[in-house]
K.L.:
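One structure follows; several queries about it will come next.
Computed from heavy atoms alone, side chains included, the values below leave out hydrogens, waters and symmetry copies. The first residue in the sequence is number 1, and the count goes up from there.
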Amino acid sequence: MLKIAPLPIKFECSSCHHLYMHVGQQACARHYPSCPDCGAHGRLLGNAEAMDALKYPRTLIKSYFKMTLQMLDKIR
C-alpha cells in the first residue's frame, strides 16, 4: 500500500530569514526545529500551501524526499 507523506510545516529563521520545511507533526511537537543554515530556532508559519510549491519547489521536494526515505527505512 502506498503511503502519502503529510504536508510539510513551514518555519522561518528569525536571524537569517531563511524559509525551511519539516514534514510531520512530530517536527514541532516538543520544540521547533533549528534552521539548517545558521542553527537558530525559527518561527512557525503553518502548513505548506499550493502556492508554496510554486514559490519554493526545491525546499518542498527536499522535505518530501527526506520523509520518503525515513518512511522506507521504517518499513525495512
Side-chain angles (χ1 to χ4, degrees):
M1 185 171 143
L2 180 64
K3 279 189 167 182
I4 298 174
L7 286 175
I9 300 171
K10 294 187 298 186
F11 295 92
E12 182 183 21
C13 181
S14 54
S15 61
C16 68
H17 301 290
H18 180 257
L19 181 82
Y20 58 100
M21 298 185 192
H22 284 274
V23 179
Q25 297 295 334
Q26 292 85 12
C28 64
R30 295 192 181 130
H31 66 282
Y32 289 169
S34 58
C35 176
D37 288 342
C38 67
H41 292 291
R43 62 182 181 158
L44 178 65
L45 296 178
N47 286 339
E49 301 168 356
M51 285 301 294
D52 293 326
L54 298 174
K55 288 182 182 177
Y56 312 106
R58 179 183 282 169
T59 305
L60 193 66
I61 290 170
K62 262 174 53 176
S63 65
Y64 270 117
F65 185 67
K66 284 181 183 179
M67 182 63 180
T68 305
L69 288 177
Q70 289 174 356
M71 287 174 31
L72 288 174
D73 284 343
K74 288 181 182 179
I75 293 173
R76 293 182 189 180

K.L.:
Hey, what do you get for CE (Met21) to CD (Glu12), rounding to the nearest 0.5 Å?
P.N.:
11.5 Å
K.L.:
Do Leu44 and Phe11 have side-chain heavy atoms sitting under 4.5 Å apart?
P.N.:
yes
K.L.:
Looking only at heavy atoms, what is the nearest atom pair of His41 and Tyr20, with distance?
P.N.:
C-OH, 4.2 Å
